[in-house]
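Just follow the structure's listing: the first ligand is 1, and inside any ligand the first atom is 1.
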Amino acid sequence: MHYTAPVSSSQLSSRLSLAKQKLLDELKAGGISDECVLEAIASIPREAFVAKPFVQDSYENRALPIGEGQTISQPYVVALMTHAADVQSHHKVLEIGTGSGYQAAILCKLVRRLFTIERFDSLRLKAEKLLHSIGIFNFSSKTGDGSKGWAEQAPFDRIIVTAASPTVPPSLLEQLANSGILIIPVGEPDGEQKLMRYTKKTDGSIAEYCLGPVRFVPLVGEEGAADKNIVSNGGNGR
Ligand code: SAH
């Protein structure tokens, strides 16, 4: 870690607000044109979701450690996934991989209700507490294997998976509503991964679209995952 001179809290907050504006400009320049998504990103303090030593880097456009060898996703990827999911205010949405709760916070600003699943209880509880502390309550969370979805709450208008799976877990496609959209990074843990969008048409068929290359921590679960026995990838900043 690099050494940085101590800064006062007012210096820090003005630096963070400048960095946030710069990030929002970068997101726009990178093609995120959806004003609602940009407003949601502007309204959530990313610094509250990153580990303390990384607070100064909160608005850098990169993934940062959150504990348990996991990472908070890069802001551009959060924006891209949210934009590609085309979420609407009446939607019921499922997120797999709560992590820090940052993507969950953005989604909660945009949709009616979010259901979010995390495999680490420690991360889920921390995220839940944090979301409540910033006034976000329109969600339910549980600890478990999200590759199986949340059958009791299905169908979902949108499903967003924030960890990479070699294949698409069948339960997630089953739990999509008609015209529903699933956003998921597909690929091997250390290999090529592509961010995919699957749309369930009214006749039940699935249309797929590739949004581009990405790098995510692995989805560790029974469905779709490469190795059910992987415990952690050691957190290498993806
Ligand atoms: N959305 C998060 C990104 C977290 S990284 C954020 O905004 O911070 C991906 C998360 O997926 C990790 O926390 C990891 O523990 C979790 N994960 C991996 N496999 C999972 C599974 N099968 N079920 C639920 N969560 C899983």
Exercise. Among all protein heavy atoms, pick the one closest to atom 16 (C) of ligand 1 and tell me residue, atom and distance.
Key: Glu118 OE1, 3.4 Å

Quiz item: What is the nearest protein non-hydrogen atom to atom 18 (C) of ligand 1, stated with its residue, atom name and distance?
Solution: Pro218 O, 3.5 Å

Quiz item: What distance separates Leu38 CG from Leu27 CG, expressed to the nearest 0.5 Å?
Solution: 6.5 Å

Exercise. For Thr98, take its heavy atoms, then give the atoms of ligand 1 lying under 4.0 Å from any of them.
Key: 1 (N), 2 (C), 6 (C), 8 (O)

Practice problem: Give the residue, atom name and distance (to 0.1 Å) of the protein heavy atom nearest atom 14 (C) of ligand 1. | Solution: Gln70 OE1, 3.3 Å

Exercise. Run the salt-bridge test on Arg62 and Asp57 with the 4.0 Å N-O cut-off and return the result as yes or no.
Key: yes

Quiz prompt | For Ser100, the ligand 1 atoms whose distance to one of its heavy atoms is below 4.0 Å | solution = 6 (C), 7 (O), 8 (O)

Self-check item: Salt bridge flag under 4.0 Å for residues Arg124 and Asp121
Solution: yes

Quiz item: Which residue and non-hydrogen atom of the protein lie closest to atom 9 (C) of ligand 1, and at what distance in Å?
Solution: Thr162 O, 3.2 Å

Quiz item: Going by an N to O cut-off under 4.0 Å, is there a salt bridge joining Lys126 and Glu128?
Solution: no

Self-check item: Salt bridge present between Lys148 and Glu222 (N-O < 4.0 angstrom)
Solution: yes

Quiz item: Looking at Thr71, which atoms of ligand 1 are within less than 4.0 Å of one of its heavy atoms?
Solution: 3 (C), 4 (C), 5 (S)

Self-check item: Per-atom contacts of ligand 1 with Ser73, taking only distances under 4.0 Å to non-hydrogen atoms
Solution: 3 (C)

Quiz item: Under the side chain to side chain donor-acceptor pair (under 3.5 Å) criterion, do Ser122 and Glu68 qualify, and how do the steps go?
Solution: CA-CA 8 Å; Ser122 56; Glu68 305 286 6; 2.5 Å; yes

Quiz item: So which heavy atom in the protein is nearest atom 19 (N) of ligand 1, and how far is it from that ligand atom?
Solution: Val220 N, 2.9 Å

Self-check item: Cation-pi check, Arg46 onto Tyr59 ring (under 6.0 Å, within 45° of axis)
Solution: no

Practice problem: Measure from the side-chain N and O atoms of Glu118 to the backbone N and O of Gly144, and report whether any donor-acceptor pair falls under 3.5 Å. | Solution: no

Practice problem: May I ask whether Ala104 places a heavy atom under 4.0 Å from ligand 1? | Solution: no

Self-check item: Aromatic ring proximity Phe139/His132, centre distance under 6.0 Å
Solution: yes

Quiz item: What's the spacing between Leu110 CG and Asp86 CG if we round to 0.5 Å?
Solution: 11.0 Å

Quiz item: Quick check: does Val217 get an N/O under 3.5 Å from an N/O on ligand 1?
Solution: no

Exercise. Measure from atom 24 (C) of ligand 1 to every heavy atom in Met81, Arg119, Glu68 and give the option owning the shortest one.
Key: Arg119

Quiz item: Which of the atoms of ligand 1 are close to Gly144, meaning less than 4.0 Å from one of its heavy atoms?
Solution: 23 (N), 24 (C)

Quiz item: Relative to the heavy atoms of Glu95, which atoms of ligand 1 are at a distance of less than 4.0 Å?
Solution: 1 (N)

Quiz item: Can you find a non-hydrogen atom of Glu222 under 4.0 Å from ligand 1?
Solution: no

Quiz item: Between Gly97 and ligand 1, does any nitrogen or oxygen pair lie at a separation below 3.5 Å?
Solution: yes

Quiz item: Looking only at N/O atoms, are Gly146 and ligand 1 under 3.5 Å apart anywhere?
Solution: yes

Quiz item: Quick check: does any side chain N or O of Asn138 sit under 3.5 Å from a backbone N or O of Arg113, one acting as donor and the other as acceptor?
Solution: no

Quiz item: Is the closest side-chain heavy-atom distance between Leu23 and Asp25 below 4.5 Å?
Solution: no

Quiz item: Based purely on interatomic distance, does Asp145 place a nitrogen or oxygen under 3.5 Å from a nitrogen or oxygen of ligand 1?
Solution: yes

Exercise. Would you mind listing which atoms of ligand 1 come within a distance below 4.0 Å of any non-hydrogen atom of Phe120?
Key: 15 (O)

Practice problem: Enumerate the atoms of ligand 1 whose separation from the nearest heavy atom of Ile72 is less than 4.0 angstrom. | Solution: 8 (O)

Quiz item: Considering only heavy atoms, which of Lys142, Gln103, Lys148 lies nearest to atom 7 (O) of ligand 1?
Solution: Gln103

Quiz prompt | ILVMFWY cluster, Tyr209 and Ile32 together (side-chain gap under 4.5 Å) | solution = yes

